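Everything below concerns the one structure shown next.
Just so it is clear, the structure is predicted and the values come from calculations on it, not from any experiment. Any value given below was found using the heavy atoms of this structure, including those in side chains, with hydrogens, waters and symmetry copies removed. As the structure lists them, so they are numbered: ligands from 1, and atoms in each ligand from 1.
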Amino acid sequence: MSLTALQNHRAKVASRRAGVRADAPSKINLTLEVLGRREDGYHELRSLVIGVELADHILCQTSPEPGIGLQCNDPTIDHDENLAVRAARALAHRCGLDGALRIELQKRIPVGGGLGGGSSDAATTLRLCNSLWQTGLDENALAAVGAELGSDVPLFFTLPSAIVEGRGERVSPVRLRWSGFVLLVCPPIPVSTAEVYRAFRPDDCNGFPSGAYREILHAASAADLSMLLTNHLEPAVFRVCPTLSGLRDELIGLGLTSIRVTGSGSTFFSLFDDSEPAHRAARKIQEHVSRVTTVVAAAPVGQGPILFEEC
Ligand code: C5P
């Protein structure tokens, strides 16, 4: 083929590009119980997780170029390590495709904040590529591909609310009576999940209500629910990053009495029945604590719909 013919062919293929987009929501752990250490080095968990409206936005397009290209608004994101890229690569490999793809990732969920942003990006990318490449896998098969990428990926196929068990791969949908708003307080401090689990000690579980996840399902108000919030990893988070312990004291001093760390941190959250008091609390924190960002978002929410577009 001559160079002009090749260029024409490429332009034609490019003009037929298809795209799919969706929001990838974040999550918080209302409860997180560490039940023991497993032989494979991971920890046996039981966690009640809900989806939160704060979301990354992902567009996947077929590409005339080979390989998986990533464009992201966060310049610190590493292409090869990125979970959206790894998810697309894993699905292409599973289905024997070359996986020529362009991913546009708009990050809004803080990285290393315990909000599951990377895992949610992976789950959403699997759904998007499954649709774009018409690979025909059901949600269970996609979640199984996701489980290979990270312990938190499967839960994103079962939101708005789920009980997560095992290493994270056993996920059951549940229904919460409560719905409302979450105030997220995000310090600019990424925390390593592996480091937090390494710092975990069995007596860190003392002082938290046991089996609270069952009662939480019936709680009707943020006040009732807040008394039951549990995170066995929280003491380890504060050992790994003492600055966060100081920040928690500051937030309590500002009147935010019911706060918890989500997952392995670093984000704190507090629950509200209505958005106005949540925004008021957010404004007060922004006035007094300069180094954090605050977000008020609805919860529980599920994964967003997949939207198709001609590119
Ligand atoms: O699975 P993922 O790569 O997200 O986990 C990160 C790290 O967190 C693991 O390497 C492991 O040290 C720890 N982890 C754990 N038990 C779990 C989940 C994660 O010990 N259930």
Any idea which atoms of ligand 1 are less than 4.0 Å away from a heavy-atom of His43?
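Selected atoms, number and element: 15 (C), 16 (N), 17 (C), 20 (O), 21 (N).
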Under a 4.0 angstrom heavy-atom cut-off, which atoms of ligand 1 come close to Leu45?
21 (N)
Side chain to side chain donor-acceptor pair (under 3.5 Å), paired with Gln71, selected from Gln106, Arg102, His79:
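Result for side chain to side chain donor-acceptor pair (under 3.5 Å) with Gln71: Arg102.
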When you measure from [atom] to every protein heavy atom, which one gives the shortest distance, and what is it?
atom	result
atom 1 (O) of ligand 1	Ser151 OG, 2.5 Å
atom 13 (C) of ligand 1	Tyr197 CD1, 3.3 Å
atom 9 (C) of ligand 1	Tyr42 CE2, 3.8 Å

Look at ligand 1 and say whether Thr193 reaches it with a heavy atom at a distance under 4.0 Å.
yes
Count the heavy atoms of every other residue, nucleotide or ligand shown that sit under 6.0 Å from CZ of Arg177, and state whether that count exceeds 12.
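No, not enclosed.
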State whether the shortest distance between N or O atoms of Asp152 and N or O atoms of ligand 1 falls below 3.5 angstrom.
no
Apply ring-ring contact (aromatic ring centres under 6.0 Å, His included) to the pair His232 and Phe208, showing each step before the final yes or no.
CA-CA 7 Å; His232 289 175; Phe208 288 104; 5.6 Å; yes
Lys/Arg-Asp/Glu bridge criterion (N-O < 4.0 Å) met for Glu250, Arg291
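So Glu250 pairs with Arg291 through a salt bridge.
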Under 4.0 Å between a side-chain nitrogen and a carboxylate oxygen: does that hold for Glu165 and Arg46?
no
Hey, does the side chain of Thr262 reach the backbone of Leu115 with a donor-acceptor pair shorter than 3.5 angstrom?
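The answer is no, because no donor-acceptor pair under 3.5 Å joins these two groups.
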